[in-house]
Structure formats: C-alpha cells, structure tokens
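One structure below.
This chain uses plain numbering: 1 for the first residue, then up along the sequence.
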Amino acid sequence: MSDQPERWTQATVYPDMWVDPKDDPRDSEGPGPEGERATLDGYVADYRYTLRMKCEGLDPEQLARRSVPPSTMSLLGLIRHLAEVERDWRNWLTHDERLPKLYGARDADFDGARADQALVDAAYADLEREQATTDAALAAFADLGTRVGKDDVSIRSMLVHRIEEYARHCGHADLLRECVDGRVGQ
C-alpha cells in the first residue's frame, strides 16, 4: 500500500486534460479576442478559472494540505496568496500610502492556510473581491502604455505580469492537486 494517490483524470478524449474539451468552461474554440487588452484580460481570466478548477471538489483539509516539507505551499495558500497579490498590484498604480496586507506579516497567506471551512470561504471571498477591485482599477486606464506609480510601470507590463503570476501558480496548483488526490490535467 502506498501513500501516493493513483493518477487520474475526468477527461476521456485526451488523457492529459483536466476535463473533456466540450466540458471545459474556458473558451478556447473559435476566434480569439479582438485587440491587445481583450487578449491580455482573456488570458488572466482563463488562468484564474484554471486555479479554481484545480481546487474544486476538495474539502478544507485537502485544500490546506502542504506540498513537501519545508514548503508551506498549499492550494488554499495559493488562493490567499493571489488575493494578497491582487491587492498589492493596486499599490503599483499610485504614489499613495500602500494598502495594508490582507493576512498580516510576510508569508502569512501561506502560513495561515488551515483546514477550516470558514477560512476557505473567506479566502475565496477575498480573492473574488480583490480580483474585481484590481480589474476595475486597471480598466480605468485605456492606454496600455500609461506609466503609473512610484516605479513608473506601464499598465501593459502589469497586465502581462498578472498572466505570468497566475500561470506560475497554476503550475504549482497542478502539482499540489496531484499530490492531494492524483488528479492530473492542464
């Protein structure tokens, strides 16, 4: 008997997919979005959805399960971390006082991820709120070349960085989910 879960997928068409193409809520069929902004927004939306898919169907204990010691990374920690990151991106937009951290001290997003349903519910609510607020703040800038904040960063660069951040963490989520119950797929 092994502690390792057996690998599995719900997909029947392609064994490396999370679900069959007809059941995939991310729209990859047909022509892509028109324009740079719509393309960038579409990619971040798909990665956000991918993260949620990697977490679906898991209980609080599974979501809070750590990867491999000494890492504190868990799926719940990733949800909390990305809520924190969404908030921090808004700090890049201004010269104003920084918004306070959601979870307190550095790494509290991961360190505080515990198997508690109320904590899970709060993390999802935090993520949705922070995503919506950041989306609205970025949408206020029609010109993607506009430079903002203390670092004089372009809106375009911020939009691309969001894609990079979610893509990297979706890769982590792939491995974390496989460790939890063996489920694999893109």
Can you list, pair by pair, the side-chain donor-acceptor contacts under 3.5 Å of residues 98-108, counting residues two or more places apart and other chains?
{"residue": "Arg98", "atom": "NH2", "partner": "Asp88", "partner atom": "OD1", "Å": "2.4"}
{"residue": "Tyr103", "atom": "OH", "partner": "Asp126", "partner atom": "OD2", "Å": "2.8"}

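- Residues passing the side-chain contact (heavy atoms from CB on, under 4.5 Å) test with Thr9, sequence neighbours excluded: Ala11, Val184.
- Between Asp41 atom CG and Asp46 atom CG the span is 11.0 Å, to the nearest 0.5 Å.
- In terms of the side-chain contact (heavy atoms from CB on, under 4.5 Å) criterion, Val68 has no residue partners (sequence neighbours excluded).
- Here salt bridge (Lys or Arg N to Asp or Glu O under 4.0 Å) pairs that include residues 58-85, with residues two or more places apart or in two chains, are Glu61-Arg65.
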Any chance you could lay out the salt bridge (Lys or Arg N to Asp or Glu O under 4.0 Å) test for Asp135 and Arg48, step after step, and finish with the verdict? CA-CA 12 Å; Asp135 288 348; Arg48 285 172 171 175; 2.9 Å; yes
Go through Trp18 and Arg177 one step at a time and tell me if the side chain to side chain contact (heavy atoms under 4.5 Å, CB included) criterion holds. CA-CA 11 Å; Trp18 188 255; Arg177 179 63 187 251; 3.5 Å; yes
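- Separation of atoms CG (Asp96) and CZ (Arg90) is listed at 12.5 Å; rounding is to 0.5 Å.
- For residues 41-62, the set of pairs meeting the ring-ring contact (aromatic ring centres under 6.0 Å, His included) definition, not counting sequence neighbours, is empty.
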List the steps and the verdict of side chain to side chain contact (heavy atoms under 4.5 Å, CB included) for Leu144 and Arg37. CA-CA 8 Å; Leu144 300 185; Arg37 180 66 162 265; 3.0 Å; yes
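- Put simply, NZ on Lys54 and CG on Leu75 are 9.5 Å apart, with the number rounded to the nearest 0.5 Å.
- One hydrophobic cluster, built from ILVMFWY side chains closer than 4.5 Å, holds both Leu159 and Val153.
- Applying the side chain to side chain donor-acceptor pair (under 3.5 Å) rule to Ser67 yields the partners Ser71; only residues at least two apart in sequence or on another chain are considered.
- The OH atom of Tyr166 sits 7.5 Å away from the CG atom of Leu51 when rounded to the nearest 0.5 Å.
- The CG atom of Leu93 sits 5.5 Å away from atom CG of Leu138, with the distance rounded to the nearest 0.5 Å.
- Linking ILVMFWY side-chain heavy atoms closer than 4.5 Å, directly or via other members, places Met53 and Ile163 in two distinct hydrophobic clusters.
- Heavy atoms from other residues, nucleotides or ligands lying under 6.0 Å from CD of Glu56 number more than 12.
- Sorted by first and then second residue, the salt bridge (Lys or Arg N to Asp or Glu O under 4.0 Å) pairs with a member in residues 151-160 read Glu36-Arg156; sequence neighbours excluded.
- Grouping the Ile, Leu, Val, Met, Phe, Trp and Tyr side chains by contacts below 4.5 angstrom, directly or via other members, places Val19 apart from Val180.
- To the nearest 0.5 Å, atom CZ of residue Arg183 and atom CG of residue Asp174 are 11.0 Å apart.
- Sorted by first and then second residue, the salt bridge (Lys or Arg N to Asp or Glu O under 4.0 Å) pairs involving residues 111-122 (not counting sequence neighbours) form an empty list.
- The closest side-chain heavy-atom distance from Leu119 to Pro60 is not below 4.5 Å.
- In this structure, Glu34 has no side-chain contact (heavy atoms from CB on, under 4.5 Å) partners at least two apart in sequence or on a different chain.
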Report the C-alpha distance between Arg129 and Glu86 in whole Å, list the side-chain angles of each, state the deciding distance to 0.1 Å, and finish with yes or no for side chain to side chain contact (heavy atoms under 4.5 Å, CB included). CA-CA 9 Å; Arg129 180 191 65 246; Glu86 289 280 355; over 6 Å; no
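- For Glu164 and Arg168, the salt-bridge test passes: some basic side-chain N is under 4.0 Å from an acidic carboxylate O.
- Contact of the Val85 side chain with the His169 side chain is not registered, since no non-hydrogen atoms from C-beta on lie closer than 4.5 Å.
- With sequence neighbours excluded, no residue forms a salt bridge (Lys or Arg N to Asp or Glu O under 4.0 Å) with Asp20.
- By the side-chain contact (heavy atoms from CB on, under 4.5 Å) test, Ala64 pairs with Leu76, Ala115, sequence neighbours left out.
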Side chain to side chain contact (heavy atoms under 4.5 Å, CB included) between Ile79 and Tyr124, worked out: CA-CA 7 Å; Ile79 293 167; Tyr124 277 112; 3.5 Å; yes
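- Using bins of under 30°, 30° to 60° and over 60° for the plane-to-plane angle, the ring pair Trp89/His161 lands in the perpendicular bin.
- Nearest heavy-atom pair, Pro5 versus Cys179, reported as atom, atom and distance to 0.1 Å: CG-O, 3.5 Å.
- When each of Val160, Thr146, Leu40 is checked for a side-chain contact (heavy atoms from CB on, under 4.5 Å) with Ile155, only Thr146 meets the rule.
- Tracing side-chain contacts under 4.5 Å through hydrophobic residues (I, L, V, M, F, W, Y), one reaches Val120 starting from Leu127; they form part of the same cluster.
- Residues meeting the ring-ring contact (aromatic ring centres under 6.0 Å, His included) test with Phe110, sequence neighbours left out: His81.
- For Arg87 against Glu130, the heavy-atom pair with the smallest separation is NH2-OE2, 3.1 Å.
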